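Before any comments, here is the structure.
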Amino acid sequence: MDKILLGASLGNCVHVGGVVHFLQLAEREGYHTVFLGPAIPVDRIVEEVLRHKPAMVAVGYRLTPENVRPLLAELIDKVHQNGIETTWVFGGTGPVAKVAEETGFFSYISNGTDDIDDSLYFLRNGRRPQEQEKYSDSLVERINDKYPYPLLRHHYGEPSVEKTVAGIEKIADSRVLDIVSVGPDQNTQQFFFHPEKRNPDFEGAGGVPLRTREDFVALKEATQRGNHPLIRCYSGTADVFDMAQLLKDTLNNAWCAVPLCWYNKLDGRGDRDIDTSVREAVELMRWHAERGIPVEANEPHHWGLRDAHDTMSVAMSYIAALNAKNAGVRHYISQYMFNVPNTLSFPMDLARVLAMVELVESLHDDTFTTYRQTRAGLPFLSADLDVAKGQLAATTFLQMTIQPHIIHVVGFCEAEHIASPEDVIESCKIVRGVIKTTLEDRVDLAKDPRVIERKNQLIREVRYLLSFICAFYGRDDALTRPEVIADCIKRGFIDAPHIVKGGEFVGNLYTTVIGGRCVAYDRQAGRELTERERLQGLCTPQEWAAVTAPAVQAQD
């Protein structure tokens, strides 16, 4: 028999919104709910409890504290008189909730400042999380414990280890963040194992200067309080396997984030050539897969941030996930950065992300599961902090359309200054407010005909590009061959306008935004290009003749 949860507004209170929302959450968690309605007298509540014998009773009251006090006294007295043994929960305004707390009668009290994930935890466990509670140090377990409420992740790292440790402690105590994403400085990422190569002028530039193993340990120890957030750090741009082992041993790195094609000479964030970098990225995925560590290929947004057209970002989302699966990754974090480029319209941006989701999740099977991680694009947020707060809320509303497992919160202040602990906490609260409003019921923007049309168009274009690559190189496994991916970038089949051309990189991609879409564009003809037209312009007539037929057949 299903567990029964009975709910009502108490006494003379007609406000039922809180009770109804709690019952909706309970239904999804497997409860059979009975809603009695507004302004239900104590005798009626007791009568219905005796009749239904519920596992839990939720009562709400949102009027004055003075009026609720005698009602609660009457309720508690009659519950005891009738020998009722069940779990009671209460919801009301702060002052009213304080009166309820004084009774010591209720197992869970919502005063309006708690969040949906608190209610979900209580419904699943029969108690609220406590300070001393043992929290899982596994990302997948944390996701399963909270979903559909997404985990919140935030990038954080100040120009000193001491400040960063103190900041993590403050963030953990606030209990608003689930994952601290450490931001190391470039000297850490590139020269941690080669201190003689560090440039002292760049100390703390872009993040925390982690110089010893003990520095990493101190960051992990700082998370062991409050809600015990998970902690993770970006991969290095050199000595990547040594860095991976260090992060595993010191942070129990929540997951690995490694780009497929970047952190090398292509973007100036490392000294590796593109061939070495792609090969090592795949091997780094395999290294983590063998140790059961989830992997994120923070790949597609790198192309969007460099003004690649939407087709390219979607294609690289699929190629990155395919390479992770081929490397044996079981749990894959698929990052969907919205607002790149920042001139995309919301409907067309959503269509782009939905195309990514559909293609990436087509890879799902018993060996490969993906988790949706969304975030705002950095260029989207204004340097006017008040404006940026509104933008952060707006993009979070859009992101909730795809029901993310993780939201990578971008601090509202990022365009103006690095995030302090207070900025991290405030940004998370803004995002949590949007989640609270949209988790249960929202407008489904994914059903907009314009969004569906653009999503399908992108999927067709991406399939053409992928088929072309396989046909050009004459290999069904071309998309998982590091040497093929590197050669595609050199030839411009995979391209972005910000890649410096000349020498080994000969692509000619130019893009512009038309109707909220970022498209490949022919400046001479003054029109956008299909993938077929763009790719044909990169081939000799002989090359094109050799690949056109199979590519067209694959597209059809």
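Since the model is a prediction, treat every value here as computed from it, not as a measurement.
- Relative orientation of the Phe90 and Phe106 rings is tilted, given thresholds of 30° and 60° on the angle between their planes.
- Heavy atoms from other residues, nucleotides or ligands lying under 6.0 Å from CD of Glu85 number 12 at most.
- Under the 30°/60° scheme for interplanar angles, the aromatic rings of Phe105 and His80 are found to stand perpendicular.
- A donor-acceptor pair shorter than 3.5 Å cannot be found between the side chains of Glu158 and Thr164.
- Centroid-to-centroid, the aromatic rings of His155 and Tyr234 come within less than 6.0 Å.
- The side chain to side chain contact (heavy atoms under 4.5 Å, CB included) test applied to Asn144 returns Val140, not counting sequence neighbours.
- By the salt bridge (charged side-chain N to carboxylate O under 4.0 Å, His left out) test, Asp249 is found to be paired with no residue, residues two or more places apart in sequence or in another chain being considered.
- A salt bridge is defined here as a Lys NZ or Arg NE, NH1 or NH2 lying under 4.0 Å from an Asp or Glu carboxylate O, and Glu453 with Arg450 fails to meet this definition.
- Between Arg44 and Glu48, at least one side-chain nitrogen of the basic residue sits less than 4.0 Å from a carboxylate oxygen of the acidic one, meeting the salt-bridge criterion.
- Residue pairs meeting the salt bridge (Lys or Arg N to Asp or Glu O under 4.0 Å) criterion with at least one member in residues 86-108, sequence neighbours excluded, are Arg69-Glu102.
- Salt-bridge check for Arg153 with Asp178: failed, with every basic side-chain N at 4.0 Å or more from each acidic carboxylate O.
- The pair Asp137-Arg142 fails the salt-bridge criterion, with no side-chain N (NZ, NE, NH1 or NH2) lying under 4.0 Å from an Asp/Glu carboxylate O.
- A salt bridge is defined here as a Lys NZ or Arg NE, NH1 or NH2 lying under 4.0 Å from an Asp or Glu carboxylate O, and Lys170 with Asp173 fails to meet this definition.
- Each of Ile179, Leu230, Val295 was compared with Trp255 under the side-chain contact (heavy atoms from CB on, under 4.5 Å) criterion, and only Ile179 meets it.
- By the 6.0 Å contact criterion, CZ on Arg62 is open, its count of non-hydrogen atoms from other residues, nucleotides or ligands being 12 or less.
- Remark: Lys436 NZ is packed, more than 12 non-hydrogen atoms of other residues, nucleotides or ligands lying under 6.0 Å away.
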Would Asp43 and Lys78 count as a salt bridge (charged side-chain N to carboxylate O under 4.0 Å, His left out) here? Give the steps.
CA-CA 8 Å; Asp43 284 339; Lys78 290 187 176 177; 2.5 Å; yes
